[in-house]
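Only one structure is covered here, and it is reproduced in the block below.
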2 protein chains.
Amino acid sequence: MPEVTTSNSGVGPDSTGVSDAGLDGVHEAVRHICPLNEVLDRVSGKWAIGVLTLTGAEEVVRFTEFERGIPGISRRMLTLTLRNLERDGLLTRTVYATVPPRTEYRLTEAAQELAQTLSLLTDWAKRHQAHVQASRVAYDETH
Amino acid sequence: MPEVTTSNSGVGPDSTGVSDAGLDGVHEAVRHICPLNEVLDRVSGKWAIGVLTLTGAEEVVRFTEFERGIPGISRRMLTLTLRNLERDGLLTRTVYATVPPRTEYRLTEAAQELAQTLSLLTDWAKRHQAHVQASRVAYDETH
DNA sequence: CCGAATCCGCTCAGATACTG
DNA sequence: CAGTATCTGAGCGGATTCGG
């Protein structure tokens, strides 16, 4: 299991004594981002969201269906993504020892909730897509 | 501007003729993930969420406050993250030509909405943290 | 105080080839 | 059909140094 090691967040508790006191509000706020990073660590990586979204829409998905449904993904990346999601308890993998073999993936309950939350992010993206686009153009012109 | 180029999503329209027909449902579902990837592309990168969360809690934040508030971040990465967020129209940067200099960052309206949505993800993470943790341990033991 | 510039290691992710 | 294995380039991100 050499790759896609889900990176060790970094914003973890490896703090550097922020005990100057007086910024308790700040410290309190930062503590909230730790679990968030855990989420994004496992949702990041260019393909995980595609897998989650696709599975959320199809209920049960086979390996080949992912390959066709997610344009541009390689066999390797699909496998890696699938394994990580399975490892994190977001996807269940069922192998049928038939000929030819058949493997089915489906979301766990936890992942179904996640998928719904992710859809809210999609909504945000759709609403502000133009704004972001315009901001970039403007920024790139002036810098 | 050589780094943190916000990566070109990859799940873009560079499709490979998925015109087999019959899987319109799938194709329809995948089209929804494109904007989502745009969001995550700019929110990913290990530090962006920390910046957004911190700024959301503090209203207005100075450069040095970020450094102290986000344990482990380097000057370089902070600057890069800040610039990207500014470029995407999520952060405003106000420089006061005083001595010593003073720079203030605050969220745009769009970013404030995003921050709220991200907090929902945090909630999810908190609720399922234990489950994910347990799943990993179990997975690592059997593989 | 707020950065910019350079050097460099590490991981991610693509291409390719092989297996049960 | 559903993977695994190996090689490789590209870019992220850390440490350090210099400037306004």
Side-chain angles (χ1 to χ4, degrees), chain A residues 1-12 14 16 37 40-51 60-87 91 93-105 143, chain B residues 1-12 14 16 37 40-51 60-87 91 93-105 143:
Chain A
M1 189 186 304
E3 300 197 327
V4 181
T5 44
T6 318
S7 86
N8 45 343
S9 74
V11 191
D14 59 301
T16 31
N37 266 323
L40 290 166
D41 278 351
R42 87 179 39 90
V43 147
S44 79
K46 199 178 181 184
W47 304 115
I49 315 105
V51 169
V60 50
V61 184
R62 296 184 53 181
F63 190 89
T64 310
E65 292 180 324
F66 281 121
E67 281 195 295
R68 290 181 305 181
I70 304 176
I73 196 171
S74 65
R75 245 186 188 69
R76 173 190 148 83
M77 279 302 106
L78 177 56
T79 301
L80 252 23
T81 304
L82 254 19
R83 286 292 177 282
N84 273 328
L85 259 18
E86 185 195 354
R87 185 173 108 102
L91 233 48
R93 178 166 168 267
T94 317
V95 181
Y96 298 95
T98 60
V99 179
R102 175 192 191 84
T103 310
E104 290 181 352
Y105 295 88
H143 295 78
Chain B
M1 188 186 303
E3 300 194 327
V4 181
T5 43
T6 318
S7 86
N8 45 342
S9 74
V11 191
D14 58 302
T16 32
N37 266 324
L40 290 166
D41 277 352
R42 85 179 39 91
V43 147
S44 78
K46 200 178 181 183
W47 304 115
I49 316 105
V51 170
V60 50
V61 185
R62 295 183 54 182
F63 190 88
T64 311
E65 292 181 324
F66 281 122
E67 281 194 296
R68 292 180 305 182
I70 305 178
I73 196 171
S74 65
R75 246 188 188 68
R76 173 190 145 84
M77 279 301 107
L78 177 55
T79 302
L80 251 23
T81 304
L82 255 19
R83 284 294 176 283
N84 273 328
L85 259 19
E86 186 195 354
R87 186 172 107 102
L91 234 47
R93 179 167 168 265
T94 318
V95 181
Y96 298 94
T98 60
V99 179
R102 175 193 192 83
T103 310
E104 290 181 352
Y105 294 89
H143 296 77

Measure from CD1 on A:Ile73 to C1' on D:dA2 and round the result to the nearest Å. 14 Å
Test side-chain contact (heavy atoms from CB on, under 4.5 Å), reference A:Val51, set A:Val61, A:Leu91, A:Asn84, output is A:Leu91
Applying a 4.0 Å non-hydrogen cut-off, can you work out what B:Tyr96 is touching in the nucleic acid: base, sugar-phosphate, or nothing? nothing
Once you round to the nearest 0.5 Å, how far does CG of A:Leu82 lie from CH2 of A:Trp47? 13.0 Å
Quick one: A:Leu78 CG to D:dA2 P, roughly how many Å, whole number? 10 Å
When the distance from NZ of A:Lys46 to P of C:dC12 is rounded to whole Å, what number comes out? 13 Å
Nearest-Å distance, CH2 (B:Trp47) to C1' (D:dC12)? 12 Å
To the nearest Å, how far apart are B:Met77 CE and D:dA15 P? 11 Å
Nearest-0.5 Å distance, NE2 of residue B:His143 to CZ of residue A:Arg83: 7.5 Å
Counting the atoms with a prime plus P, OP1 and OP2 as sugar-phosphate, which does B:Arg75 contact under 4.0 Å by heavy atoms, base, sugar-phosphate, or nothing? base
Between C:dA15 atom P and A:Leu80 atom CG, what is the distance in whole Å? 15 Å
Taking the inter-plane angle between the rings of B:Tyr105 and B:Phe63 on a 0 to 90° scale, is it parallel (under 30°), tilted (30 to 60°) or perpendicular (over 60°)? tilted
Base, sugar-phosphate, or nothing: which does A:Phe66 touch, judged by heavy atoms less than 4.0 Å apart? nothing
Verify the contact: side-chain N or O of A:Thr79 to OP1 or OP2 of D:dA2, cut-off strictly under 4.0 Å; return yes or no. no
Could you tell me how far apart A:Glu86 (CD) and D:dA2 (P) are, to the nearest whole angstrom? 15 Å
DNA chain C: 5'-proximal contact among A:Ser74 and A:Pro101 (nearest heavy atom): A:Ser74
Rounded to whole Å, CG of B:Asn84 lies from P of D:dG13 at a distance of 10 Å
With respect to the phosphate group of D:dG3, does any side-chain polar atom (N or O) of A:Thr103 fall under 4.0 Å of OP1 or OP2? yes
Can you check whether A:Arg62 has a side-chain N or O nearer than 4.0 Å to OP1 or OP2 of D:dA2? yes
Interatomic distance, CZ@B:Arg93 vs CZ@B:Arg87, rounded to 0.5 Å, equals 15.0 Å
